[in-house]
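A quick write-up on the structure given underneath.
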Amino acid sequence: MYQEWLEKALVQYDMQGAEAQLIRHNENMTFQVAEDYLLRIHKHADVIKTDSLYEGLDRLQIYKEELAFLAYLKNRGMEVQVPVRNKAGELVSMLTDTVPATMLSWIPGHAIEKSEVTPKLCYEIGEMVGRLHCSSQGFYAENVLRYDDALCERLKYKLSQAVDRGDLDKNHTRVMTAALDTIAEEMKRARGSAIMVHADLSLSNILITESGLVPIDFSLLGYGHPMMDIGELYCNINGVENRAAIAKGYQKAGKTIDFHALDCCFALNILLGIVLHCDSWANEEWFANRMVRWCSETFGPLGEGKPLISPEFRMLNVK
């Protein structure tokens, strides 16, 4: 099936027969094409349930806004991928009535491996995110994802459906729902602080290149608290020193760490992962034990109004 979609897309860019290699299939099918391009076919993998994110939104417009945002960042000095037009001069190619494709320039480099993570690299990551957030200021888009209190309500509904299907434990869901109530309250309070955030800054979406660190894959970008991106990084990078280094780099770029918002965004990133991947994760052996830990260490304390960030971390981040 991959080959069929790929061939349809390459025709749109007048690149029939070009060498192409599948990279991964999550929110999109992504291919490296002719060494210089990244092709994205916007067809989500069946195991990823994204309807809670996109409810009421036009996905085609979201893809257009993403490309406009990349151009905006490029014009403001950020190193990001550049959108490529098809042979008709359009930025979005329709393979069928419902399946679009987009192409971006390829940036040479490699995604960060966990074995490469050090406090020094984490400082550079934090500084890069700070520059990204500075560069995103002033960009406005009507039709994009929003990581806000309304999303929290939709996630609560999706969790209740997962309980009805037998994928989630009722007691665990009660704890997650209380956490979402706390997160929703914080998102309401800090609504004026929302900016366009990447919202998917896993290690695989940060390239190490000759010119420095480069963020890639903005397919889940949207309006949210700046701590959404720091919280996602903390979901992928452990250790007080590493996390403190991220915060220090972020502050060096002129940005501020909001501890309570960071707690909420850290938990929200985990909850998004659970809702988006619940159908497949529920069948994995690790999931039950991890859920117990998440509820006892993250969702439970947050729902009870307790801070998640350790005292050691706070001390390391006192200016």
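Atom-to-atom distance recorded for Glu186:CD and Asp149:CG is 11.0 Å, nearest 0.5 angstrom. A distance of 11.5 Å separates CD in Glu35 from OH in Tyr37, rounded to the nearest 0.5 Å. Between the CG atom in Leu159 and the CG atom in Leu271 there is a gap of 7.0 Å [rounded to 0.5 Å]. In this structure, Leu180 CG and Met187 CE are separated by 11.0 Å, a value rounded to the nearest 0.5 Å. The distance from atom CD1 of Ile274 to atom CG of Leu155, rounded to the nearest 0.5 Å, is 10.0 Å. To the nearest 0.5 Å, atoms CZ (Arg243) and CD1 (Ile257) are separated by 12.0 Å.
In this structure the side chain of Pro100 never reaches within 4.5 angstrom of the side chain of Leu95, judged on heavy atoms. Within the 4.5 Å cutoff, no side-chain heavy atoms of Arg131 are placed close to those of Leu213. At least one side-chain heavy atom of Met103 sits under 4.5 Å from a side-chain heavy atom of Met15. Residues Leu220 and Leu272 have side chains not in contact (no heavy-atom distance under 4.5 Å, counting atoms from C-beta outward). The closest side-chain heavy-atom distance from Glu113 to Leu203 is not below 4.5 Å. In this structure the side chain of His260 never reaches within 4.5 angstrom of the side chain of Pro307, judged on heavy atoms. Looking only at side-chain heavy atoms (C-beta outward), His172 and Val175 stay at 4.5 Å or farther from each other. For the pair Leu221/Leu145, no side-chain contact is recorded, criterion being any heavy-atom separation below 4.5 Å from C-beta on.
Shown here are the salt bridge (charged side-chain N to carboxylate O under 4.0 Å, His left out) partners of Glu304, two or more places apart in sequence or in another chain: Lys306. In this view, Glu232 satisfies the salt bridge (charged side-chain N to carboxylate O under 4.0 Å, His left out) rule with no residue, not counting sequence neighbours.
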Show, in sequence, the C-alpha distance, side-chain angles and deciding distance for Asn236 and Ser202, and conclude whether the side chain to side chain donor-acceptor pair (under 3.5 Å) test is met. CA-CA 6 Å; Asn236 290 272; Ser202 61; 5.2 Å; no
Worked check of side chain to side chain contact (heavy atoms under 4.5 Å, CB included) between Val84 and Thr102: CA-CA 8 Å; Val84 176; Thr102 55; over 6 Å; no
Could you go through Glu127 and Tyr123, starting from their C-alpha distance and side-chain angles, then the distance that decides it, and tell me whether this counts as side chain to side chain donor-acceptor pair (under 3.5 Å)? CA-CA 6 Å; Glu127 194 171 17; Tyr123 183 91; 5.1 Å; no
Carefully, step by step, assess Lys252 and Glu124 under the rule side chain to side chain contact (heavy atoms under 4.5 Å, CB included). CA-CA 10 Å; Lys252 176 64 166 54; Glu124 294 171 2; over 6 Å; no
Going through the distances and angles, do Asn205 and His198 end up as a side chain to side chain donor-acceptor pair (under 3.5 Å)? CA-CA 10 Å; Asn205 285 336; His198 184 288; 4.8 Å; no
Derivation and outcome, side chain to side chain contact (heavy atoms under 4.5 Å, CB included), residues Leu70 and Phe218: CA-CA 8 Å; Leu70 287 174; Phe218 285 76; 3.7 Å; yes
Begin from the C-alpha positions of Lys156 and Asp181 and carry the test salt bridge (charged side-chain N to carboxylate O under 4.0 Å, His left out) through to its verdict. CA-CA 9 Å; Lys156 286 165 60 176; Asp181 287 337; 2.7 Å; yes
Residue pair Cys264, Leu302: steps toward the side chain to side chain contact (heavy atoms under 4.5 Å, CB included) verdict: CA-CA 7 Å; Cys264 290; Leu302 185 66; 4.2 Å; yes
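Looking at Asn86, its side chain does come within 3.5 Å of a backbone N or O of Ala88 through a donor-acceptor pair. Of the possible polar contacts, one joining the Ser296 side chain to the Arg293 backbone as a donor-acceptor pair under 3.5 Å is found. Checked by atom type and distance alone, the side chain of Arg85 never pairs as donor or acceptor with a backbone atom of Glu90 at under 3.5 Å. No donor-acceptor pair closer than 3.5 Å links the side chain of Asp258 to the backbone N or O of Met227. In this structure, the side chain of Tyr147 does not engage the main chain of Val197 through any donor-acceptor pair within 3.5 Å. Put simply, the side chain of Gln32 never gets that close to the backbone of Ile23: no donor and acceptor are under 3.5 Å apart. Proximity of a side-chain donor or acceptor of Gln81 to a complementary backbone N or O of Ser105 within less than 3.5 Å is detected.
With a 6.0 Å radius and a threshold of 12 heavy atoms from other residues, nucleotides or ligands, Glu116 has its CD atom above the threshold. Under a cut-off of 6.0 angstrom, the local environment of NZ in Lys87 is crowded, with over 12 non-hydrogen atoms contributed by other residues, nucleotides or ligands. More than 12 heavy atoms of other residues, nucleotides or ligands lie within 6.0 Å of CD in Gln137, so this atom counts as buried by the packing criterion. Heavy-atom neighbours of Gln21 CD from other residues, nucleotides or ligands within 6.0 Å: at or below the threshold of 12. Atom CZ of Phe287 is surrounded by more than 12 heavy atoms from other residues, nucleotides or ligands within 6.0 Å.
Looking only at atom types and distance, the side chain of Asp217 has a donor-acceptor partner in the side chain of Ser219 under 3.5 Å away. In this model, a donor atom of one side chain and an acceptor atom of the other lie less than 3.5 Å apart for Glu142 and Tyr140. Counted by atom type alone, Tyr157 and Gln161 present one or more donor-acceptor pairs between their side chains at under 3.5 Å. With 3.5 Å as the limit, one finds a donor-acceptor pair spanning the side chains of Ser204 and Arg24. Residues Glu284 and His277 bring no donor and acceptor atom of their side chains to less than 3.5 Å of each other.
When each of Ile206, Ile208, Thr209 is paired with Val214, the side chain to side chain contact (heavy atoms under 4.5 Å, CB included) condition holds for Thr209 and for no other.
Under the 6.0 Å cut-off for aromatic ring centres, Tyr234 and Phe266 do not qualify, their centroids lying 6.0 Å or more apart. Between His133 and Tyr250, the ring centre distance stays below 6.0 Å.
In this structure, Lys248 does not pair ionically with Glu241, as no charged nitrogen and carboxylate oxygen lie closer than 4.0 Å. A salt bridge links Asp167 to Arg165: at least one charged side-chain nitrogen sits closer than 4.0 Å to a carboxylate oxygen. Remark: Arg189 does not engage Glu185 in a salt bridge, criterion side-chain N to carboxylate O under 4.0 Å.
Of all the heavy atoms in Leu67 and Pro83, the pair that sits closest is O-CG, 3.8 Å. Counting all heavy atoms, side chain and backbone alike, Gly231 lies closest to Asn269 at C-ND2, 3.7 Å.
Cluster membership for Met29 and Leu91, using ILVMFWY side-chain heavy atoms within less than 4.5 angstrom, is not shared.
Note on ring orientation: taking the six-membered ring where Trp is involved, the planes of Trp294 and Trp286 are perpendicular (angle over 60°, cut-offs 30° and 60°).
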Donor-acceptor pairs under 3.5 Å, side chain of residues 54-64 to any protein atom, not counting sequence neighbours: which ones?
residue	atom	partner	partner atom	Å
Asp58	OD1	Leu60	N	3.0
Asp58	OD1	Gln61	N	3.4
Arg59	NH2	Thr50	OG1	3.1

